[in-house]
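The shown structure was predicted, so the numbers you read here are calculated from the model rather than taken from an experiment. Computation of the quantities below employed the complete heavy-atom set of this structure, encompassing side-chain atoms and omitting hydrogens, waters and symmetry-equivalent molecules.
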Amino acid sequence: MQVSSSISRILRILFVLLLVAGSVALVGGSKSPYSPHDKAYWANKELVDFVLPGLNIAINSASIASGGVISVTYTLTDPTGLPLDAAGATTPGVISLAYVAAYIPKGQEQYVAYTTSSATGPVLGTITRPDFELGGTATQVGPGQYQYTFMAKAPAGFDPTVTTTVAVAGNRDLTVFNLGTNYAGATFNFVPNGSAVTVTRDVIRTQSCNTCHYQLAFHGGYASGMPMCVMCHQPQNADPTTGNTLDFKVFAHKLHMGSSLPSVLGYTAGTTTVPPAPYEIIGYMNSVNNFSTVVDPAMAQRCEVCHSQTTGAAQAKAFLTEPTMAACGSCHDNVNFATGVNHPGGFQQNDSECATCHVPQDEEIFDASIQGAHVVPTDTALLYPQNPDTQIAGLQLAITGVTNNLAGQSPTVAFTVQDNSGNNIALSLLSTLAFTMAGPTTDYGLPTTFGTATTPGYVQESALKAACSSSGACTYTFINAIPATATGTYTIGGEARMTVTVYPGTTSSQSVSVGANPNPVVNFSVDGSPVTPRRTVVAETNCNACHVSLSLHGNLRNNPEYCVLCHNPSDTDFSQRPNAVVVSERTQPFQGINFNLLVHRLHDGVNAATNPGGPPKYPYIVVGFMGSSNDFSGTLFPVMSPSGDATYMQNCQVCHTQVNGTNTETILPVGLNAVQDPQGWIQGATGNPVQPVSSACSGCHVSEGESAHFLANTDVLGESCNVCHGAGAQFAVDAVHTQ
């Protein structure tokens, strides 16, 4: 019987190896249950049908016996519901599992762990803290069904009436089949005496986290989702090396604040100057996790990005109704509640008085209420519509038409400037009003030039002195003309900004910069041919899934369709670099700022600065307005891999998904103009601009070897990228970026 089983297994393995050896990168059929972002979508169909990649974990029951023995029963299945063998003997792939057990003490809100381990560090010495458990006994009780008995036990006299939670998390290793590793996890709430569960820890739902993180996971994929995170990240947990608490309400706030923490910036406490200090956590294998460069893409003041009121979380309003020194002091870590230093309310003995001053919301903004203290000034019209003294009425710039729009003519732009209610705003109240012209839409940049403008491929002119009628209809005629040889479609976009004072004449008075949102963009034909807009690669809604309200250059620019007019293949930071405030940057080559190069490189900051294939030629630093140094080397892209890697750039679909009904992730970049990248390996070595596809890919693939690959596959006929990386090819863009 045992010999027969061994032979059967050997035959199965041989069969699979034959499938792998004979497989090619075929596009999955229309009936594939896998998305284009899964390796299985692109794998040999026969192999996928045999392996059925994927992992589901369902917890069936859990109990604590009278002697404190904790056990859990669970089921392992593939995506079709078929049972899986954890040992990998009868179904493909070994499944590794980890377990956690914890409870919420009566009258409390956070967990205390049953599963713990000790950790030692120089600041806290040896401590006991929550941990995964691996060494208990797992027994198979049916097809795909297991019972696990924990090593940890509930102590004598444990309370059988409180909510207890067990978690089972694991991964299915299918790397031998070139199908990666599948991850899954589940939690289960119960009351040991059989009563109904009435108490849970449900402050933030995973779906809130995933607006930025896409698939919240940590610890090599053994922890996924908020229900599991909060079981261990509670007051028991700390880093004994730095002394920093790992309690979630403190830890999560601090790491999202990162670069904005007073402790990271340095601060004054009374008469004492506290120097800057990094916010670090020493993790597994003594890894140093430095969060001091983290910038919250949504702005940390927007509390409800995480504390969403629309997910159904049972304690979604807890951040409004239960302020605590621990939670508030996590971001405001220059406050000493024990002495009252940097706390207008003076010293606090405990949390009992916090809600007295810090009510959920008052009638004013910039006050001590929780919403008022955290309001982003430009959001006030949404949060405080009932109070006209605090409300910013908004700024809307609309282009209503373009005339004199043929080649050789100076176009006239018709426009209006209004608030959000449709009331006209006098141009004299604006600090900025400008229109930008570029073209053709086949690809912006040189060789197009506009009159005397020195900006490559576009011209921008101030319209603050434009003429307006009594009804608010305004017109501006460009000084620089459309090139006489122009053909096809050209574009004009606009930007405007004004400063609004709220609470004028009071101690709460504050000036707020408000920009027109969105930037209007209009396309027009210069030769009578059909109007053809520039290709749309990324929709603004995709950006705002994480950024909430993307606005750059002092609240002036927020629409990707407008950004690409200036951030075109021919542009660099040439106009600002000679004035760089960092003197050493003045003599370095100009930095390319074409939009796809810029966006890929700045989002990939950490990887680009420490690329394992070799370092970039220079870190990605753009010299901006008034010579400012904008170094993106510390940027940490928040989208996570299934195993919890927070520098994961393979998930292209987060940005490149469904623009005008087209999945833009599945195609190669289609720019036409060569891209200026003077600091890049290719242009630095050859003096030639980088070709458009190579440039887009070099946004993330920054090493010298990768640049050599780009150059080796480019000749007088152009780039040959499409041969290997085009749709349906062996190394198609979407296929090689799967997870």
How about C546 and C212: are their SG atoms under 2.5 Å apart?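 Yes, because the SG atoms of C546 and C212 sit under 2.5 Å apart, which meets the disulfide cut-off.
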If we ignore angles and hydrogens, is there a donor and acceptor under 3.5 Å between the side chains of [X] and [Y]?
| X | Y | result |
| --- | --- | --- |
| Q418 | N423 | no |
| S643 | D645 | no |
| D571 | Q676 | no |
| S633 | D631 | yes |
| Y183 | Q215 | no |
| Y279 | S263 | no |

Does N210 use its side chain to pair, donor to acceptor, with the backbone of H213 at less than 3.5 Å?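 No; judged by distance alone, with no hydrogens or angles, the pair does not exist.
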Can you tell if the side chain of V376 reaches within under 4.5 Å of the side chain of R302, non-hydrogen atoms only?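 With C-beta onward as the side chain, the pair touches.
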All pairs passing salt bridge (Lys or Arg N to Asp or Glu O under 4.0 Å) where residues 632-642 contributes a residue, at least two apart: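 For residues 632-642, and leaving out neighbouring residues, there are no salt bridge (Lys or Arg N to Asp or Glu O under 4.0 Å) pairs at all.
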Should the pair H547 and H603 be assigned to parallel (<30°), tilted (30 to 60°) or perpendicular (>60°) ring geometry?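 Taking H603 first and then H547, their aromatic rings stand perpendicular (interplane angle over 60°).
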Specify whether H567 and F595 have parallel, tilted or perpendicular ring planes, treating 30° as the upper limit for parallel and 60° as the lower limit for perpendicular.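 Answer is tilted, since the angle falls between 30° and 60°.
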Is the ring centre of F478 less than 6.0 Å from the ring centre of Y476?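 Centroid distance F478-Y476: below 6.0 Å, so yes.
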So, applying side chain to side chain donor-acceptor pair (under 3.5 Å) with N523, which one of T491, T489, T441 is it?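 That would be T491; it is the only one of T491, T489, T441 passing the side chain to side chain donor-acceptor pair (under 3.5 Å) with N523.
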Show your working on ring pair (Phe, Tyr, Trp, His ring centres under 6.0 Å) between F435 and F415 and close with a plain yes or no. CA-CA 10 Å; F435 292 102; F415 65 96; 5.0 Å; yes
